Structure formats: structure tokens, C-alpha cells
Protein chains: 2
Amino acid sequence: MTRLEEVALEAGVSKSTVSRVVNGGPYVSARARSAVLAAIDRLGYRPNQAARSLAGNRTDCVGLVVGDRSFDAGLADLLRGVDTVLSGLGLRLVVSTGASVDGVDGVLRVGGGGVPAGVPVVSFGHAVGVPYVAVDDFSGGVAAVRHLVGRGRRRIAAIAGGGDVDRLNGWYRGMGRAGLSADLVVRAEADPASGARAMSVLLSSEPGLDGVFVGSDVLAYGALEVLRTRGLGVPSDVAVVGFGDLPSSSVVGLTAVRPDHESLGRSAAHLMATVLSGSPVPPFTLVPPSLVLRST
Amino acid sequence: MTRLEEVALEAGVSKSTVSRVVNGGPYVSARARSAVLAAIDRLGYRPNQAARSLAGNRTDCVGLVVGDRSFDAGLADLLRGVDTVLSGLGLRLVVSTGASVDGVDGVLRVGGGGVPAGVPVVSFGHAVGVPYVAVDDFSGGVAAVRHLVGRGRRRIAAIAGGGDVDRLNGWYRGMGRAGLSADLVVRAEADPASGARAMSVLLSSEPGLDGVFVGSDVLAYGALEVLRTRGLGVPSDVAVVGFGDLPSSSVVGLTAVRPDHESLGRSAAHLMATVLSGSPVPPFTLVPPSLVLRST
DNA sequence: CTGAAAGCGCTTACAG
DNA sequence: CTGAAAGCGCTTACAG
């Protein structure tokens, strides 16, 4: 464990100077800087994080509080995104699945959960009062329509659950842009059975249907079931695009709009870094999802 | 931010004494202890972690290095398990998705990846040279057979991929215990198509088959497909049990042996705590999986 | 641009 | 069982 003092000795400068170059501070001559850098390299010096925190009155730690299970499926990727940018900034990621974390400079909140007063917060998913990052549902809906239209579909319907308003709005926009009539819309609950019912309704009202955008993957499972039962080819007769891309969707072969969790993580970390630097931050950042082409 | 010194003043004792009670040290009179505890409570004192680390030459942080994607699907639960026991011990969880972490007292390694020299390591999944926690594949295989036998099955086959040896051995044991002949075994690769081929082979060699234990969920998907295609009822004609319990399995309705990731996390954290305390540790801990009953 | 010095909030021998 | 004192390895005004 080499200490800063030994680096100073080796470089022939004072501890203050070493500290300045380590922290990228100003007011260091090129000569001093290179001597220090060389010494650090020679000695394999790594600053003691605890001493640094104590003296500097900051922790260089960012907490991630996993308040609920809303991001469980993508948590690994989310962590990768967060850690990638945080570690690049010299910050460490402390995760807690409890109510909170203390001893951190800021907290990233996944889902609900309280946070310590006094530290900045950035949320994953829509939140009020704090900056947040979320999936750009609207552009996902637009992208889904663009895809279907690109496949030659014209009579495109939408099935949307209660929480899928932005996705549905994206669908409307996409339909409008393509000059198609956006009259085939059915609302649904959040389970496959409800998706199946919606699909049946659509099929009876418009037998000429050739494409469907479904607001969530689970609804899409039900819709697919109905299509197959009725002997309709997917995607030959009716092309289907889901939204969410559950792991199960790859087994089912569902083409879907997929939230990019790693990107969400990166965005949140960047937002946090901006907050910590004292710069003004946008109230939210929307991350465009990608489209995963599979067999439907 | 109340400091230890203020607690000492409030309690009418020295800093040393406060430190002793905070750290649960010996040699403190009951009188002093309660005075200190009361003062801490009154002042809302929380020890400064950085100062503590610096003075005590320990970090009270355990790192979790996510080296590869092998536990991605269960990572959220794994984190919950780890954090639950760690936070109960006053330890913080620092996660890194890079090659390593430094400035921690020990590291939990998920999959491959290097670790800093000099700190104790505990691995998730079989590892050599370091203590590890892993799913008890063998007992999972036994449990699968027990389940099938309990459902009245007698001609029970096994489909196993290359890495499923312990699971397969569990199956042998289970069959032996039930007094059934363990002659229906087909080896497979790691994709649904291979599972389908294996199922076809089994069906032609033993039309009286009434149960199958499949070493992994993906293989089971292929097997189910074949069963359905041939018009065999599942589970009426042939009951199927998978292993792994991918999220997709709940959609498919697959009955399966499921690794308990939260439990794995808890076990790993306990192992680490034991290592850190300097006590001798077992070379590994096997965590029994559970059986998720669904529709196959 | 540089260095001496104080201080961050704890823990830990040591002496009592 | 208790307290005074030194020290952990940095950062940060301050004076130059």
C-alpha cells in the first residue's frame, strides 16, 4: 500500500502537489506533473479511498436502491450501463435492496423506495420531483408502425393496456405519418387472456387486418394464440409487434420493441454525474427502445 | 452530522468509550453503555464510514464482481439475498461489472473475472481454489423424479445436456430409490431442436413412456413441442419436468426445478462473512433448488 | 506554481 | 472498566 507521501518523496515534491495532480487540479507545472505521474506509475500508487472521503467530505460512491421488482428482468444490463459510466468517472456503485443507503453522494432509485434526505436522486421510470430516465414509449410505438408499414401492412390495429398510453400515442403518430387510418384500437388489461379477447374483437370487426401493434408482450402472447387457433399465418396473414421484450419473447419468437436497459443505466449515471457536478439538469431523459426482429 | 465526540460529551464519557460501545467491544460498564446508547439515540448519531475505514484499516465493503452473464436472469434475486445478510452485518455491497473492484474487504464473484490479490473471494457457481456456492443439481434431479413418481409415473425417461451430469445423477438416484429401471436416457445439446430430437428418440424406443425429466428448460421446450405435435397429452400422457426455470417457462407453463437465487446470494454472503471473521470455511455450499409446479 | 500545517472522524494500543 | 494521545492517508485553505 503505497501512500501519497511516498509518491511525494519519490517525485521530489510536496504532498500538496501530488494531491493536485492526482485530482487533476490546476496550478501544477508540467515538470512537477510528469515527475509525479512517473512516481505514481513506478510505485503503483492507488489513493486510499477512505482517507480521500474523510478529508474531502465526499464519498465518491453512488447508491442504487432497488425499491421494487419493476426492473428485475433488465437489472443486469441496467447495472452494466450504470457501472460503465460511474467507474469511468471514478465513482463506485453501492447497491441496496433495502429502503435506502447512506454514506453516498447521490442515489439512483429503481422503482419506489425512500432515499436519504439531502442527497440528489435520479429515478428509473417516471417520477415526480426528481430527474428520471425512462423508456421512450412514444417513439417505440412509432417505430413499431414504421416496421409494419415497411413490411407492406396497411390495415394495422393496436391493442393497448391501461399503462400503454404513450405507446399507443406513438402508434397514432406512426399511422398518421403513413397516411393510414387509425381506427382499429382495442383496450385491454394486462394478461394474455385479455390480449386474446382483444384480438378476437379486432378480427371480427376487420377481417382484412394485416398487422397489429400490441402494447405489451404478455398481451401479444394471447393475441398470437388466437391468430394461430384461427389458422391465420403469422406474419404472412397478420404481422405482430409486441412491446417490452420479456425473455420469454425470444422463445415465442415475438418481434418486439425492446427497452434498452443498458442505455437507461448509462443515461441515469450521466444524469447523476451532472447533478453532482452542480450543473443544471433536464427533468428527464427518454431513451429510445430498439426493435428486435423475430418471426412474427 | 453528529460526531462521536459530541456523543461522548452528551454521555459524559470519553471518545474511547463511545467507540467501544458502538463497536460492541468488551470492557464497558453497563452504566456507561446505556448512557452512550441514550446519547446516540438522542443525537441521531451515525458513525462516519470513511473515518471508520481509515482508522480501522478495513472498508466494511464487500464487492460483487459480475464477470459474465451466467446469472443475469436471477441477478436481482441474488442481489437481494446478498444484500439482506450483508446489510444485517453492517457491510455494504459494492457492485462492479468490470474486471474487478478494489477497496473492499472481500469479493463475491459471479462467473469469471479476476479479483484483486490479497482479498478473500467467494464464487457463485463451481470454482476451483476458492469457496463457492452453487445449485444442488443432484438433489434437484432427485426431487424431479420424486415428483413424477408421486404423480403415478413409472416409465420415466431423462434428457440431459452435456453440463447436466449432476442433474442426471440425481435422476439415477431418484429412479433407484423408487425401484424403477433407469434405462431411458438420451443425451442432448443445449437447444430446443436437440431436445425435440431426444424426445422423438425416446418415444420410438418406448411408446409407454409416461414421464420425462429434462436437464434444462430449453431442451424441455423442444420436447414439449414434439409431444404436442404427436397429439400426446401433457401431462395426461407424458408429464414433463424441466430444470432451470427461465422466465419463459412460466409462459410455457413448464413444471420445473428452480434454482433459488436469493438463497444462493444469502449463502454466499454468509460464506464471505465467515471468511472475513477468520473462521475456517467449507469449500462449498450447495443450495437446494425448489420445484415449481405448473401445467406439464 | 508550491509547500507547511491543520483537520477530516474514527480506532487502537497504552497507561492507569 | 476508562481516558488521553497518536495515527490512519488524504485534502484544503493559507502564505508565499
Side-chain angles (χ1 to χ4, degrees), chain A residues 1-40 43-61 90-92 102-105 118 276-278, chain B residues 1-40 43-61 90-92 102-105 118 276-278:
Chain A
M1 212 352 27
T2 339
R3 285 161 304 136
L4 184 149
E5 185 165 18
E6 307 172 36
V7 174
L9 246 51
E10 173 86 9
V13 299
S14 71
K15 288 166 51 183
S16 308
T17 297
V18 176
S19 180
R20 286 189 196 98
V21 354
V22 167
N23 294 292
Y27 309 129
V28 185
S29 63
R31 198 180 181 309
R33 183 182 308 279
S34 61
V36 169
L37 257 20
I40 286 177
L43 271 33
Y45 170 68
R46 316 264 300 121
N48 178 307
Q49 191 49 60
R52 206 166 196 181
S53 300
L54 181 56
N57 192 35
R58 69 205 146 85
T59 66
D60 288 331
C61 284
L91 297 168
R92 313 212 311 176
D102 60 15
V104 295
D105 295 337
L276 293 180
S277 75
Chain B
M1 219 332 46
T2 338
R3 286 161 305 136
L4 185 149
E5 185 165 16
E6 308 172 35
V7 175
L9 245 50
E10 173 86 8
V13 299
S14 71
K15 288 164 53 183
S16 308
T17 298
V18 175
S19 180
R20 285 188 195 100
V21 355
V22 167
N23 294 292
Y27 308 131
V28 184
S29 64
R31 198 179 181 311
R33 182 183 308 281
S34 60
V36 169
L37 257 20
I40 286 178
L43 271 34
Y45 170 68
R46 318 262 302 123
N48 177 307
Q49 191 51 59
R52 206 167 197 180
S53 300
L54 181 57
N57 192 36
R58 71 207 145 83
T59 66
D60 288 332
C61 284
L91 264 18
R92 312 213 309 177
D102 60 14
V104 295
D105 296 338
L276 293 179
S277 76

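In what follows, every chain begins at residue 1, and chains take the letters A, B, ... in the order their sequences are listed. Since this is a predicted model, take the numbers as computed values, not measurements.
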Tell me the interatomic distance from [X], atom [atom1], to [N], atom [atom2], rounded to whole angstroms.
X	N	atom1	atom2	answer
A/Asn57	C/dG9	CG	C1'	11 Å
A/Glu5	C/dA4	CD	P	11 Å
B/Arg3	C/dT11	CZ	P	14 Å
B/Arg46	C/dC10	CZ	P	12 Å
B/Lys15	C/dG7	NZ	P	13 Å
A/Leu54	C/dG9	CG	P	7 Å

Task: Toward the 5' end of DNA chain D, by each residue's nearest nucleotide, B/Ala55 or A/Arg58 - done: B/Ala55

Looking for any heavy atom pair under 4.0 Å, which part of the strands does [X] touch: base, sugar-phosphate only, or nothing?
X	answer
A/Pro26	nothing
B/Val22	nothing
B/Thr17	sugar-phosphate
B/Asn48	sugar-phosphate

Picking from [options], which would you name as closest to the side chain of [X]?
X	options	result
B/Leu4	D/dT12, C/dC10, C/dT12	C/dC10
B/Val13	D/dG3, C/dC10, D/dC10	D/dG3
B/Tyr27	C/dA5, D/dC1, C/dC10	D/dC1

TODO: Inspect the contact between A/Asp102 and B/Arg46 and indicate whether a charged nitrogen and a carboxylate oxygen are less than 4.0 angstrom apart.
DONE: yes

TODO: Sort out the partner of D/dA4 for me: Watson-Crick or G-U wobble, both distances under 3.5 Å, none otherwise.
DONE: none

Task: Counterpart base for D/dA13, defined by Watson-Crick or G-U wobble contacts under 3.5 Å - done: none

Do any side-chain nitrogens or oxygens of [X] fall under 4.0 Å of OP1 or OP2 in [N]?
X	N	answer
A/Asn23	D/dT11	yes
B/Tyr45	C/dC10	yes
A/Arg52	D/dG9	no
B/Ser14	D/dG3	yes
A/Ser19	D/dT11	yes

- [ ] Check whether any side-chain heavy atom of B/Glu10 sits under 4.5 Å from a side-chain heavy atom of B/Leu43, and report yes or no.
- [x] yes

Open item on the list: Would you say that A/Asp60 contacts A/Arg92 through its side chain, given a criterion of any heavy-atom pair below 4.5 Å between the two side chains?
Closed with: no

Might you point out which heavy atoms bring [X] and [Y] nearest each other, and give the distance in Å?
X	Y	value
A/Tyr27	A/Arg20	O-CD, 4.0 Å
B/Val18	B/Ala8	CG2-CA, 3.5 Å
A/Thr59	A/Gly103	CG2-O, 3.4 Å

Open item on the list: Under 4.0 Å, heavy atom to any atom of DNA chain C: which of residues 29-37 of chain B qualify?
Closed with: none

Open item on the list: Distance check, P atoms only: C/dA6 and C/dT2, in whole angstrom units.
Closed with: 23 Å

Task: Euclidean distance for P, C/dA5 against C/dC1 (whole angstrom) - done: 24 Å

Open item on the list: Between B/Thr17 (side chain only) and B/Val13 (backbone N and O only), is there a donor and an acceptor less than 3.5 Å apart?
Closed with: no

- [ ] Please report the C-alpha distance between B/Ser19 and B/Leu4 in whole Å, then the side-chain angles of each, then the deciding distance to 0.1 Å, and finally whether the side-chain contact (heavy atoms from CB on, under 4.5 Å) criterion is met.
- [x] CA-CA 8 Å; B/Ser19 180; B/Leu4 185 149; 4.3 Å; yes

Open item on the list: Here's a test of your reading of the structure: between B/Arg20 and A/Gly56, which maps to the more 5' nucleotide of DNA chain C?
Closed with: A/Gly56

Task: Flag for B/Arg52-B/Asn57: side-chain donor and acceptor within less than 3.5 Å - done: no

